[in-house]
Amino acid sequence: MTPPASPSLRPRVMGVVNVTPDSFSDGGRHATAEAAIAHGRRLLADGADILDIGGESTRPGATRPLVSEELSRVVPVITALAAEGAVVSVDTMRSEVAEAALAVGATILNDVSGGLADPRILDVAAASGATYVAMHWRAHSDHMTDFATYDGPGGVVAAVHDELSARVDAMLAAGIDAGRIVLDPGLGFAKQGRHNWQLLADLDALHRLGFPLLVGASRKSFLGTLLPDAEGRPRPVDGREHATTAITVLLAQAGVWGLRVHDVRSCLDALTVVHVLREEKQR
Ligand code: PMM
């Protein structure tokens, strides 16, 4: 029997640990350090390769926490889980939080703003040698929906390609090693539902930038609107897992570097199926 694939043969699975009262998918469920640490341990037991620990909700309309609040949410959780051997990514746009997270054991910076919100984070990434995930982003969550228009030639795919390419230039200029850069199309961030599908349908265009891709589709609202009930109401967050798994299969086939998900076990199950079939085809 083919064993489950190792991360070198399949996308890395990044399990989400939101230490926030208000994230759209799991807000409030792991808002204390103890609950977040316990959740991180569960994701590790399920096989997560990376834990992505964040203290700022980026749901549309969210207001930002104070820096001190964000620090007090994530630092104890990162400290505990990194000490237990987890590979930890910190989901932050702030250089101060990035520095504090690296100091207590994080090795990946996941910046949903790609350095636009706080450009000094690029210097922190360069100086530390951490892996730097730069997501496509246009504005903070309280007004990002105002920026969800992509009327230029090539639409959303060309815009995301070009805007990420400009961020790569900024990263390289700051001294970040090209081998440490990961890009992310930023599904749901200043995007309408159809923009997310267009990006998923043409990930090759983003792969042509020459960097590994991380994608976060898990439980996002475009899946809820895809699956309305008889009254047209979007499917609630807890009912979006099967659609998330279908996207996992497609992303694995598209050759992405990583998947940012809430349910690590179902994601790894899907990746194991893809791997077994790939092995069988090569026999
Ligand atoms: N999505 C969210 C938060 N952080 N980071 C990256 N790199 N990519 C994403 O798509 C992404 C992210 C928002 O989703 P959540 O509320 O489920 O954490």
Side-chain angles (χ1 to χ4, degrees), residues 13-32 35-36 39 42-43 46 52 54-65 91 110 112-113 135-151 155-157 159-160 184-203 214-252 254 256 259-271 273:
V13 177
M14 178 186 257
V16 178
V17 182
N18 284 324
V19 199
T20 56
D22 55 345
S23 288
F24 82 89
S25 55
D26 52 359
R29 286 192 204 167
H30 326 296
T32 64
H39 184 60
R42 274 195 300 275
L43 296 178
D46 284 346
D52 188 40
E56 173 174 359
S57 165
T58 46
R59 68 181 296 157
T63 48
R64 305 198 71 191
D91 187 344
N110 174 24
V112 298
S113 84
M135 199 192 77
H136 177 261
W137 183 92
R138 285 183 162 181
H140 284 291
S141 300
D142 55 355
H143 60 294
M144 69 179 169
T145 47
D146 300 343
F147 291 83
T149 47
Y150 298 90
D151 296 333
V156 67
V157 174
V160 169
D184 183 324
L187 301 181
F189 287 79
K191 316 276 183 324
Q192 294 170 15
R194 70 175 190 286
H195 297 139
N196 300 310
W197 293 113
Q198 287 161 356
L199 285 162
L200 286 170
D202 197 3
L203 281 180
L214 173 72
V215 180
S218 181
R219 301 182 184 172
K220 285 196 172 162
S221 55
F222 71 105
L223 302 177
T225 43
L226 176 76
L227 306 165
D229 66 12
E231 274 79 49
R233 286 182 299 246
R235 177 81 59 85
V237 164
D238 284 345
R240 300 176 190 165
E241 204 49 48
H242 301 309
T244 299
T245 306
I247 293 182
T248 290
V249 171
L250 299 172
L251 290 173
V256 301
L259 298 159
R260 183 180 180 280
V261 298
H262 300 89
D263 187 332
V264 165
R265 177 169 301 184
S266 65
C267 181
L268 273 168
D269 286 354
L271 294 178
V273 169

Heavy-atom side-chain contact between Leu199 and Val157 under 4.5 Å: yes

Any side-chain heavy-atom pair of Leu259 and Leu271 under 4.5 Å: yes

Nearest-0.5 Å distance that lies between atom OG in Ser221 and atom CG in Leu187: 10.5 Å

Partners meeting side chain to side chain donor-acceptor pair (under 3.5 Å) with His195 (sequence neighbours left out): none

CZ/Arg64: more than 12 non-hydrogen atoms of other groups inside 6.0 Å: yes

Heavy-atom side-chain contact between Met144 and Phe189 under 4.5 Å: yes

Asp142 side chain to Thr63 backbone, donor-acceptor under 3.5 Å: no

Minimum heavy-atom distance between Gly55 and Thr20, given as atom pair plus value: C-CG2, 3.5 Å

Counterpart residues, side chain to side chain donor-acceptor pair (under 3.5 Å), relative to Gln198 (two or more places apart): none

Flag side-chain contact, heavy atom, 4.5 Å: Val261 against Val13: yes

Asp263 side chain near Thr244 side chain, heavy-atom distance below 4.5 Å: no

Residue pair Leu200 / Leu251, side-chain heavy-atom distance below 4.5 Å: yes

Smallest separation among heavy atoms of Arg235 and Leu227, with atom names: CB-O, 3.1 Å

Pairwise side-chain contact, Arg260 with Val16, heavy-atom cut-off 4.5 Å (strictly under): yes

Distance (rounded to the nearest 0.5 Å) between Glu56 CD and Asp91 CG: 8.5 Å

Heavy-atom side-chain proximity of Lys191 to Val160 below 4.5 angstrom: yes

From Asn18 atom CG to His39 atom NE2, the distance as rounded to the nearest 0.5 Å: 8.0 Å

Partners passing side chain to side chain donor-acceptor pair (under 3.5 Å) against Asp184 (at least two apart in sequence or in another chain): none

Ring geometry between Phe147 and His143 (parallel below 30°, tilted from 30 to 60°, perpendicular above 60°): perpendicular

Shortest non-hydrogen separation from Ala159 to Tyr150 and the atoms involved: CB-CD2, 3.5 Å

Closest heavy-atom pair and its distance - Ser57, Ala62: O-CB, 3.5 Å

Sole residue of Leu223, Thr245, Leu226 in side chain to side chain contact (heavy atoms under 4.5 Å, CB included) with Arg240: Leu223

Taking every non-hydrogen atom, the tightest pair across Ser218 and His262: OG-ND1, 2.6 Å

For the student: nearest non-hydrogen atoms of Thr58 and Val112, plus distance: CG2-CG2, 4.1 Å

